[in-house]
Undergrad: 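I am attaching a structure below and will ask some questions about it afterwards.
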Amino acid sequence: MIKVTLPDGSVRQYPKGSSSMDVALSISEGLARNVLAAKVNGQIVEANRAIETDVNIQLLTWNDDDGKAAFWHTSAHLLAYALETLYPNVKFGTGPAIERGFYYDVDFGDYKFSEADFAKVEAKMLELARQKYPNVRKEMPKKEAVAFFEAKSDPYKLELLEGLADGTITFYETGNYTDLCAGPHIVDTSPIKAVKITSVAGAYWRANEKNKMLTRVYGITFPKKSDLDDYLLAFEEAKKRDHRKLGRELDLFYFSESVGMGLPLWAPKGAALRENLIQFLRKIQTRAGYQHVSTPHIGKKELYITSGHYAKYGQDSFQPIHTPEENEEFFLKPMNCPHHCEIYNAKPHSYKELPIKYAEFGTVYRYEQSGELHGLTRVRGFTQDDAHIYCRPDQLKAEFLKVVDLVNFVYSNLGFSEFQTQISLRDPHNQEKYLGTDEMWNMAESAIIEATRERGMKTTTKEGEAAFYGPKLDFMVRDAIGRKWQIGTIQVDYMMPENFDLKYMGSDNETHRPVMIHRALFGSMERFIALLIESTGGNFPLWLAPEPIRILPISDKYNDYAQTIMRQIMDATDLVVDIDERDEKISRKIRDAEVNKIPYMLIVGEKEQAEGKVSPRRKGQGDLGGMSVADFITHFQGEIKGAITQFNA
RNA sequence: GCUGUUAUAGCUCAGUGGUAGAGCACUUCCUUGGUAAGGAAGAGGUCCGGGGUUCAAGUCCCCGUAACAGCUCCA
C-alpha cells in the first residue's frame with residue numbers, strides 16, 4: 001500500500017501502482033470525469049500514471065492552469081494528427097500549449113495553408129477526438145528515436161533530438177500519430193468537445209530569424225461547446241476596447257501616411273488627455289524631489305559614440321541629418337540619458353547634492369522595424385516620462401525603492417492593479433552583447449534583486465532581457481485581448497557614468513563615480529495611453545477625461561444661459577467645458593454625450609434658467625437633480641479628490 | 001525585416017469582368033424640444049498607388065505602399 005497526501009492534508013491509502021485517476025475515482029465519479037492531469041510530488045504527469053511510492057497529489061482539472069495546459073497540449077497533438085491525415089508529407093516543428101490554447105509549427109512544403117482550410121481541420125480534429133484515442137507514453141532509447149524520425153524524414157524532430165540526452169526521450173502515441181514529447185497529456189482525446197482554429201501565421205524555426213519560417217497554426221479547444229461560444233463572445237467584446245478603434249471614435253489620435261508610419265498625431269481631445277496625465281505626474285515628481293529639464297530633439301553623433309548607443313544601434317537608427325557647410329552629423333535622439341548626463345556634467349557636484357534627479361517628458365525617435373508598429377503601443381516617435389537619478393553607491397538601494405513606491409502610487413491611482421513585474425538580467429551565455437565589467441553587472445543585478453525582495457514583490461526573472469548597459473525591473477500590463485506590454489522600467493546603470501566620466505566630490509575630498517538609475521513610469525505617453533484606453537474602455541476617470549463637462553441646452557433659447565454657466569465654471573476652476581449648441585432634441589444630445597463618454601452632462605432649460613441652477617447627469621448614473629453651479633462644482637471636485645490619493649514623498 | 005491576410009465616401013461595410021452602393025457622420029431647410037437616435041432634401045469617390053490581361057477591370061494577374069495577425073527585434 002502507498003500513502004497519498006491530498007492538498008487539504010488528508011492522507012489516504014491505495015494499492016501500490018494506483019494512479020491519480022484511481023484516487024479521483026475513490027473520491028467521486030464526478031471528480032474523476034473532470035480530472036485532466038495530476039501534480040504528483042510537484043511534477044505534472046498523466047492522471048493514469050502508476051504511483052509506486054508515498055506521494056503528495058494535487059488533481060488538476062479545467063479550473064487549474066496546469067490542467068488546461070495538459071488539455072491543450074493534447075489538443076496540439078490532435079491538431080498535428082489531423083494535419084498529418086489531411087496533408088500527407090507535412091513536417092512538424094514544435095507544438096506547445098500556450099496561455100490561451102495551443103499552436104503547432106508545421107512545414108507544409110509547397111502547400112499554402114490558409115483560413116480556407118480551418119473548417120476542414122476543425123472537423124477532422126473533432127472526428128479524431130471522438131475516437132477516444134488514449135495518449136500512450138513511451139520511453140525510448142535515443143538511437144530508436146532517431147531511427148523513427150529518420151524513417152519519417154523529419155528534420156525538425158531530428159534536430160530537437162540532438163539536444164536531448166539519451167535516456168530522457170519520451171514519445172506519445174495518439175491513434176496513429178506519434179510525437180516526440182515530454183508530456184504530460186490528458187488520458188484520452190474524448191474530453192475535447194469544441195475546437196476552433198484561430199489563426200495562421202509564419203514563425204521562425206527555433207525562434208531564430210536566420211532559420212526557415214514555418215507555418216504556425218493556432219487553435220483553442222474546450223471541454224464544452226458553450227465554453228467555446230463564451231470565449232469567442234468575450235474575445236469580440238474585448239476587441240471593442242481596442243485603443244485604435246476607440247482612438248478614432250473618441251477623436252483622440254490619428255496616423256497619416258503622409259507624415260509617416262508609426263508617427264502619431266494627437267487630436268485636441270487626445271492631447272488634452274495626454275496633458276492631464278503629464279500634469280499629474282509632473283506634480284508628483286516635483287514633490288518626490290525631481291527637477292524637470294528640457295533638452296533638444298537631436299544630438300551630435302559623438303554624443304552617442306560616447307554613450308555606447310552608436311556602436312549598438314547606429315545602423316538600426318534613423319540615419320544622421322547633416323549640416324550643409326561643415327557636414328556635421330546629428331542623430332534624432334533615441335533616448336534622453338546622454339543629454340541629461342551632459343547637464344550633470346555642466347558643473348561640478350558635491351556628495352551633499354546627491355541624489356540629483358532630472359526628469360523630462362522627452363520625445364524620442366526610434367527606427368522600429370515596419371512589422372513591429374502597432375497603434376500607439378509601438379511607434380517610431382514617442383514621448384517618454386523619462387528621468388535619471390544620479391546617486392552615490394550607498395544611496396542606490398534606497399533610491400531604487402523610492403522609484404518602486406512611486407510606480408505603485410501612480411499605477412494604483414490609474415487603476416492598473418493587474419501589472420506584473422519582471423527582473424530583466426543579462427544573458428550569461430551571451431555576454432558580448434553587453435557593456436561593462438562583471439563587477440558592475442553583479443552590483444547592479446543584486447541591487448534590483450535585493451530591492452524587490454525587500455518590498456516582497458512577486459517578480460519573474462528573465463535572463464537576456466537586460467539593456468546592453470544594465471539590468472532592469474520592468475512593469476508590464478496586458479491589453480484588451482491579453483497581450484503583454486512593458487510600460488514602466490527602472491534600470492540600474494554603472495556604465496553610462498563611466499562613459500560620460502561623471503563625477504562628484506566625496507566627503508573625503510576625492511572624486512567619485514555616481515550610479516545612475518534610468519526610470520520611466522508610464523514608459524511612453526503613447527503606449528501608456530493606449531493601455532489606459534483599453535483598460536478603461538475609454539471611460540476615463542473624471543480628472544483625466546479630455547472633455548469632463550458638456551452643457552446641453554434644452555433648446556437654442558437657453559444657449560445664452562449655457563454660456564453664462566460655462567463662464568462661471570471656468571472662472572471658478574480650470575476645467576474645460578463645452579456646450580452642445582446643435583439644433584437637436586435633448587435626448588439626442590444626451591445620447592451623443594453618452595456615446596462620446598462625457599462624464600458630466602449639464603442639462604439647462606427653462607426650469608434651470610429660472611432657478612439659476614443646472615441639472616447634472618453623470619454618465620452611466622443618470623439625472624442627479626437640479627443644483628446650483630456652486631454645488632455642482634463642489635460635487636465635481638469632491639469626485640476628483642476621491643479619485644486621487646495624496647502622494648507623500 | 002519575415003510569413004500570411006486586407007485596402008471601396010469622414011466612419012462601419014455591401015458590391016456576380018459590363019452606368020459606384022447602404023447606414024451613420026456632414027450641409028441646408030422644417031422643427032424649439034425635458035434625460036440614450038425628430039423629419040425632409042442635398043453634397044460627398046484617384047474603388048490605396050503603378051503596371052499588365054481584356055472589347056471592357058473596383059472585380060483577374062504582377063510590383064509597390066499602408067493597415068491587421070503572428071514571428072523576429074525593442075536603447
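A note on names: the letters A, B, ... follow the listed sequences, proteins ahead of strands, and every chain is numbered from 1. Both backbone and side-chain heavy atoms feed into the values below; hydrogens, waters and symmetry mates do not.
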Undergrad: Can you tell me the distance, in whole Å, between the NZ atom of A/K245 and the C1' atom of B/rU12?
TA: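 For the pair A/K245 NZ and B/rU12 C1', the rounded distance is 8 Å.
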Undergrad: Tell which nucleotide pairs with B/rA9, taking only Watson-Crick or G-U wobble pairs whose two distances are both under 3.5 angstrom.
TA: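 With both distances under 3.5 Å required, B/rA9 matches none.
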Undergrad: Within the 4.0 Å limit for protein heavy atoms, which parts of nucleotides 22-30 of chain B are touched? Write it as a string from 5' to 3', B for base, S for sugar-phosphate only, - for none.
TA: ---S----B
Undergrad: When you measure from the side chain of A/R366, which nucleotide among B/rG1, B/rC74, B/rU35 comes out closest?
TA: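 Taking heavy atoms from C-beta onward, the closest nucleotide is B/rC74.
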Undergrad: Just to be sure I understand the rule, does A/K585 reach a base, reach only the sugar-phosphate, or reach nothing, if contact means heavy atoms closer than 4.0 Å?
TA: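 If one applies the 4.0 Å heavy-atom cut-off, A/K585 turns out to touch a base.
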Undergrad: Counting only side-chain heavy atoms from C-beta out, which of B/rG34, B/rA37, B/rG70 sits nearest to A/R591?
TA: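 Minimum distance to the A/R591 side chain belongs to B/rA37.
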Undergrad: Any side-chain donor paired with an acceptor under 3.5 Å for A/Q431 and A/W441?
TA: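 Looking only at side-chain atoms, A/W441 and A/Q431 do not form any donor-acceptor pair under 3.5 Å.
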Undergrad: Can a side chain N or O of A/H374 be found less than 4.0 Å away from OP1 or OP2 on B/rA69?
TA: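 Looking at the OP1 and OP2 atoms of B/rA69, one of them is under 4.0 Å from a side-chain N or O of A/H374.
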Undergrad: Roughly how many Å is it from CD1 in A/I586 to P in B/rG34, rounded to a whole number?
TA: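 My rounded result for the distance is 9 Å.
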Undergrad: Among the candidates B/rU32, B/rC73, B/rG70, find the nucleotide nearest to the side-chain atoms of A/R216.
TA: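 Of all the options, the side chain of A/R216 is nearest to B/rG70.
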Undergrad: Any strand is fair game: report the nucleotide pairing with B/rU35 by Watson-Crick or G-U wobble, both distances under 3.5 Å, or none.
TA: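 Its partner: none found.
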Undergrad: When the distance from CG of A/D479 to C1' of B/rA69 is rounded to whole Å, what number comes out?
TA: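 That distance rounds to 13 Å.
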Undergrad: Would you say that A/Y561 contacts A/M566 through its side chain, given a criterion of any heavy-atom pair below 4.5 Å between the two side chains?
TA: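 Result no, sub-4.5 Å side-chain heavy-atom pair not found.
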Undergrad: With no hydrogens and no angle check, do the side chains of A/D117 and A/Y111 hold a donor and an acceptor under 3.5 Å apart?
TA: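 Yes, side-chain donor-acceptor contact under 3.5 Å.
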Undergrad: Could you state the atom-to-atom distance from CD1 of A/I590 to P of B/rG38 in whole Å?
TA: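 One finds 11 Å between P of B/rG38 and CD1 of A/I590, rounded.
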Undergrad: Which of these nucleotides, B/rU72, B/rG33, B/rG34, is closest to any side-chain atom of A/E372?
TA: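 Closest nucleotide to the A/E372 side chain: B/rU72.
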Undergrad: Choosing from B/rU12, B/rU65, B/rG34, which nucleotide comes nearest the side chain of A/K607?
TA: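 The answer is B/rG34.
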Undergrad: Look at the side chain of A/Y558 against the base of B/rG33 and say whether a donor-acceptor pair falls under 3.5 Å; ignore hydrogens and angles.
TA: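 No pair found.
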Undergrad: Compare the minimum distances between each of B/rG70, B/rA66, B/rG1 and the side chain of A/M261, then state the nucleotide with the smallest one.
TA: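 Taking heavy atoms from C-beta onward, the closest nucleotide is B/rA66.
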Undergrad: Under 4.0 Å, heavy atoms only, any strand: does A/G260 hit a base, just the sugar-phosphate, or nothing?
TA: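 It contacts nothing in the nucleic acid.
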Undergrad: Within the supplied structure, the quantity of interest is the number of heavy atoms (other residues, nucleotides, ligands) at a distance under 6.0 Å from A/K462 NZ; does it exceed 12?
TA: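 Count not over threshold, so no.
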Undergrad: Which whole-number value in Å describes the distance from A/Q491 CD to B/rA75 C1'?
TA: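 Rounded to whole Å, this separation is 8 Å.
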Undergrad: Could you please name the partner base of B/rU27, counting Watson-Crick and G-U wobble pairs only when both distances are under 3.5 Å?
TA: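 B/rU27 is paired with B/rA41.
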Undergrad: Among B/rA69, B/rA75, B/rU35, find the nucleotide with the atom closest to the side chain of A/S199.
TA: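 Of all the options, the side chain of A/S199 is nearest to B/rA69.
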Undergrad: Whole angstroms only, please: what is the NZ-C1' distance between A/K557 and B/rG33?
TA: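 Atom-to-atom, A/K557 to B/rG33, this comes out as 9 Å.
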Undergrad: When the P atoms of B/rG64 and B/rG4 are considered, how many whole Å apart are they?
TA: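 My reading of the P atoms in B/rG64 and B/rG4 gives 13 Å.
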Undergrad: In this structure, how many angstroms lie between the P atom of B/rU12 and the CD atom of A/E249, rounded?
TA: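 Answer to the nearest Å: 8 Å.
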Undergrad: Is there a Watson-Crick or G-U wobble partner for B/rG17 with both distances under 3.5 Å, and which nucleotide is it?
TA: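 With both distances under 3.5 Å required, B/rG17 matches none.
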Undergrad: Which distance, rounded to the nearest 0.5 Å, do you find between the CG of A/N430 and the CD of A/E463?
TA: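 Between atom CG of A/N430 and atom CD of A/E463 there are 11.5 Å.
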Undergrad: Counting only side-chain heavy atoms from C-beta out, which of B/rA75, B/rG70, B/rA37 sits nearest to A/H309?
TA: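 Closest of the options to the side chain of A/H309: B/rA75.
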Undergrad: Any donor-acceptor pair, under 3.5 Å, between the side chain of A/R244 and the base of B/rC68, if you only look at N and O atoms?
TA: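 Side chain to base: no pair below 3.5 Å.
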Undergrad: Which part of the nucleic acid, if any, lies within reach of A/A207 when heavy atoms closer than 4.0 Å are counted: base, sugar-phosphate only, or nothing?
TA: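 Counting heavy atoms under 4.0 Å across all strands, the contact made by A/A207 is with sugar-phosphate only.
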Undergrad: Measure from the side-chain heavy atoms of A/V595 and tell me the nearest of B/rA75, B/rA36, B/rU72.
TA: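 Of all the options, the side chain of A/V595 is nearest to B/rA36.
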Undergrad: Kindly say whether A/Q319 contributes a backbone atom to a donor-acceptor pair with the side chain of A/S317 at under 3.5 angstrom?
TA: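 Here the side-chain-to-backbone pair does not exist.
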Undergrad: Strictly distance-based, threshold 3.5 Å: is any side-chain N or O of A/T198 a donor or acceptor partner for the main-chain N or O of A/Y218?
TA: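 Flag set: sc A/T198 to bb A/Y218 pair under 3.5 Å.
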Undergrad: Among the candidates B/rC11, B/rA75, B/rG70, find the nucleotide nearest to the side-chain atoms of A/R248.
TA: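 Of the candidates, B/rC11 comes closest.
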Undergrad: Could you check which nucleotide pairs with B/rC68 in any of the strands shown, counting Watson-Crick or G-U wobble with both distances under 3.5 Å?
TA: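 With both distances under 3.5 Å, B/rC68 matches B/rG4.
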Undergrad: Does any donor atom in the side chain of A/Y156 or A/D107 lie under 3.5 Å from an acceptor atom in the other side chain?
TA: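 Yes, A/D107 and A/Y156 have a side-chain donor paired with an acceptor closer than 3.5 Å.
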Undergrad: Base, sugar-phosphate, or nothing: which does A/E606 touch, judged by heavy atoms less than 4.0 Å apart?
TA: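 Base, at least one base atom sits under 4.0 Å.
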Undergrad: OH of A/Y104 versus P of B/rU3: gap in Å, rounded?
TA: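 Distance, rounded to whole Å: 24 Å.
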Undergrad: Pick the nucleotide of RNA chain B nearest each of A/N208 and A/K619; which residue has the one closer to the 5' end?
TA: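 The residue whose closest nucleotide sits nearer the 5' end is A/K619.
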Undergrad: Provide the Watson-Crick or G-U wobble partner of B/rA57, both distances under 3.5 Å; none if there is no partner.
TA: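 Answer to the pairing question: none, since B/rA57 forms no Watson-Crick or G-U pair.
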Undergrad: Ignoring hydrogens and angles, state whether a donor on the side chain of A/T306 or A/N499 is under 3.5 Å from an acceptor on the partner side chain.
TA: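 No, no side-chain donor-acceptor contact under 3.5 Å.
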